Amino acid sequence: MAEGLIIATAEAGDIAGIHRIEEASFPQPWRREFFESELVADGRLNLVARRNRQLAGYLFAMFLLDELHINKIAVEERERRRGVAQALMDRCFTFAREREIRVISLEVRQSNRGAIDFYRQLAFSSSYVRPRYYPDGEAAVVMTRPL
């Protein structure tokens with residue numbers, strides 16, 4: 001499934017495509033400026049996945065000391081269930097191990113059963129629920145994975 005997929009560091013030229021996927025993937029998408037600021041911030045891991053030179057997905061994370069937090073991960077609709085998210089997460093895990101990170105965390109909408117199941121397959125477990133986390137009032141499930 002991940003055949004022909006290339007994972008690379010996100011660059012300024014990727015922002016338009018990242019933002020297009022973001023707007024199609026989330027009810028309250030990040031503004032373009034948020035992604036731009038992440039590219040130049042310290043302690044960040046910003047990845048893109050490409051297949052046939054076309055942007056297929058992205059992952060934006062921040063790290064400090066021995067913790068890494070995944071802020072955003074999304075996949076182009078036509079690329080879903082083709083190994084893109086798995087490849088991005090695999091690269092993230094490799095990065096974390098190389099930097100002796102001990103735990104990875106993320107939030108996911110409580111209603112997003114598909115994403116929760118995906119993260120559980122990657123050995124994440126639900127730690128707690130943050131009520132009214134999202135702007136529309138939905139709760140977030142905080143998930144963690146020790147390394």
Side-chain angles (χ1 to χ4, degrees), residues 1-2 5-10 14-51 54-147:
M1 292 265 207
L5 201 60
I6 296 171
I7 307 296
T9 300
D14 297 316
I15 294 295
I18 288 168
H19 196 248
R20 181 182 43 76
I21 294 170
E22 174 78 4
E23 288 185 319
S25 299
F26 297 102
Q28 282 91 26
W30 271 13
R31 293 193 328 247
R32 183 183 172 113
E33 298 81 28
F34 291 172
F35 289 104
E36 291 168 345
S37 68
E38 289 296 298
L39 291 184
V40 297
D42 291 333
R44 299 301 192 267
L45 172 66
N46 303 315
L47 302 172
V48 292
R50 291 188 184 87
R51 191 185 317 266
Q54 299 297 311
L55 191 64
Y58 60 86
L59 181 150
F60 276 60
M62 58 187 284
F63 59 94
L64 179 65
L65 303 173
D66 63 350
E67 297 182 23
L68 183 142
H69 182 79
I70 297 171
N71 291 318
K72 286 286 182 173
I73 181 170
V75 176
E76 176 76 49
E77 188 172 4
R78 71 178 179 276
E79 287 284 351
R80 291 180 185 159
R81 302 200 185 350
R82 297 187 63 208
V84 176
Q86 180 71 54
L88 287 163
M89 293 298 287
D90 287 346
R91 179 65 62 86
C92 182
F93 295 152
T94 299
F95 175 90
R97 281 188 211 95
E98 289 170 351
R99 281 155 187 79
E100 298 182 0
I101 287 171
R102 293 177 168 230
V103 66
I104 299 175
S105 63
L106 56 86
E107 291 96 9
V108 60
R109 284 181 173 271
Q110 195 169 33
S111 65
N112 194 341
R113 297 306 316 163
I116 291 169
D117 291 345
F118 172 70
Y119 296 128
R120 283 193 174 131
Q121 291 173 354
L122 296 174
F124 280 84
S125 59
S126 300
S127 295
Y128 57 94
V129 173
R130 284 191 173 138
R132 299 172 304 283
Y133 179 76
Y134 293 100
D136 63 1
E138 185 172 353
V141 178
V142 176
M143 301 186 79
T144 57
R145 175 190 166 160
L147 289 179

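Note that these values count all heavy atoms, side chains included, but never hydrogens, waters or copies made by symmetry. None of these values were measured; they are calculated from a predicted model.
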So does Val75 get a backbone contact from the side chain of Arg80, meaning a donor-acceptor N/O pair under 3.5 Å?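 The answer is yes, because a donor-acceptor pair under 3.5 Å joins these two groups.
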Going by the side chain to side chain contact (heavy atoms under 4.5 Å, CB included) test, name the single residue among Ile73, Ile70, Asn71, Val141 that passes it with Leu106.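 Among the candidates, only Ile70 passes.
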According to the ring-ring contact (aromatic ring centres under 6.0 Å, His included) rule, which pairs have a member within residues 86-118, sequence neighbours left out?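 Every ring-ring contact (aromatic ring centres under 6.0 Å, His included) pair that includes a residue of residues 86-118, provided the two are not neighbours, is Phe63-Phe95.
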Pairs in or reaching into residues 121-147: which pass ring-ring contact (aromatic ring centres under 6.0 Å, His included), with residues at least two apart or in two chains?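 Matches after skipping sequence neighbours: Tyr119-Phe124.
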About how many Å separate [atom2] of [Y] and [atom1] of [X], when rounded to the nearest 0.5 Å?
X: Met62; Y: Lys72; atom1: CE; atom2: NZ; answer: 14.5 Å
X: Arg145; Y: Leu68; atom1: CZ; atom2: CG; answer: 11.5 Å
X: Arg82; Y: Leu5; atom1: CZ; atom2: CG; answer: 8.5 Å
X: Arg120; Y: Ser125; atom1: CZ; atom2: OG; answer: 8.5 Å
X: Glu22; Y: Arg31; atom1: CD; atom2: CZ; answer: 12.0 Å
X: Ile15; Y: Glu33; atom1: CD1; atom2: CD; answer: 10.0 Å

Do you know the tightest heavy-atom contact between [X] and [Y]?
X: Leu47; Y: Cys92; value: CD1-N, 4.4 Å
X: Leu88; Y: Gly57; value: CD1-C, 4.0 Å
X: Ala139; Y: Pro131; value: CB-CA, 4.0 Å
X: Leu147; Y: Ala96; value: CD1-CB, 3.3 Å
X: Ala115; Y: Val108; value: CB-CG2, 3.6 Å

Donor + acceptor pair across side chains of [X], [Y] (<3.5 Å):
X: Ser127; Y: Thr144; value: yes
X: Arg99; Y: Thr94; value: no
X: Gln86; Y: Asp90; value: yes
X: Glu67; Y: Ser105; value: no

Check whether any side-chain heavy atom of [X] lies under 4.5 Å from a side-chain heavy atom of [Y], and answer yes or no.
X: Ile18; Y: Val48; value: yes
X: Asp14; Y: Arg50; value: yes
X: Gln110; Y: Arg130; value: no
X: Phe60; Y: Leu45; value: no

So Leu55 and Ile21, side chain to side chain contact (heavy atoms under 4.5 Å, CB included) or not? Walk me through it. CA-CA 9 Å; Leu55 191 64; Ile21 294 170; 3.9 Å; yes
Partners passing salt bridge (charged side-chain N to carboxylate O under 4.0 Å, His left out) against Arg102 (at least two apart in sequence or in another chain):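 For Arg102, the residues satisfying salt bridge (charged side-chain N to carboxylate O under 4.0 Å, His left out) (neighbours in sequence not counted) are Asp66.
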Would Ile104 and His69 count as a side chain to side chain contact (heavy atoms under 4.5 Å, CB included) here? Give the steps. CA-CA 6 Å; Ile104 299 175; His69 182 79; over 6 Å; no
Quick one: are the ring centres of Tyr58 and Phe35 less than 6.0 Å apart?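 Close enough - the centres of the two rings lie under 6.0 Å apart.
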Answer yes or no: is there an ion pair linking Arg109 with Asp136, defined by an N-O contact shorter than 4.0 Å?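 Result for this pair is yes, salt bridge flagged.
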Verify the neighbour count for atom CD of Gln28: are there more than 12 heavy atoms of other residues, nucleotides or ligands below 6.0 Å?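 Yes, because the 6.0 Å sphere around CD of Gln28 holds more than 12 heavy atoms from other groups.
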Side chain to side chain contact (heavy atoms under 4.5 Å, CB included) evaluation trace for Glu38 with Trp30: CA-CA 11 Å; Glu38 289 296 298; Trp30 271 13; 3.9 Å; yes
Verdict with supporting geometry, Arg20 and Glu76, side chain to side chain contact (heavy atoms under 4.5 Å, CB included): CA-CA 9 Å; Arg20 181 182 43 76; Glu76 176 76 49; 2.6 Å; yes
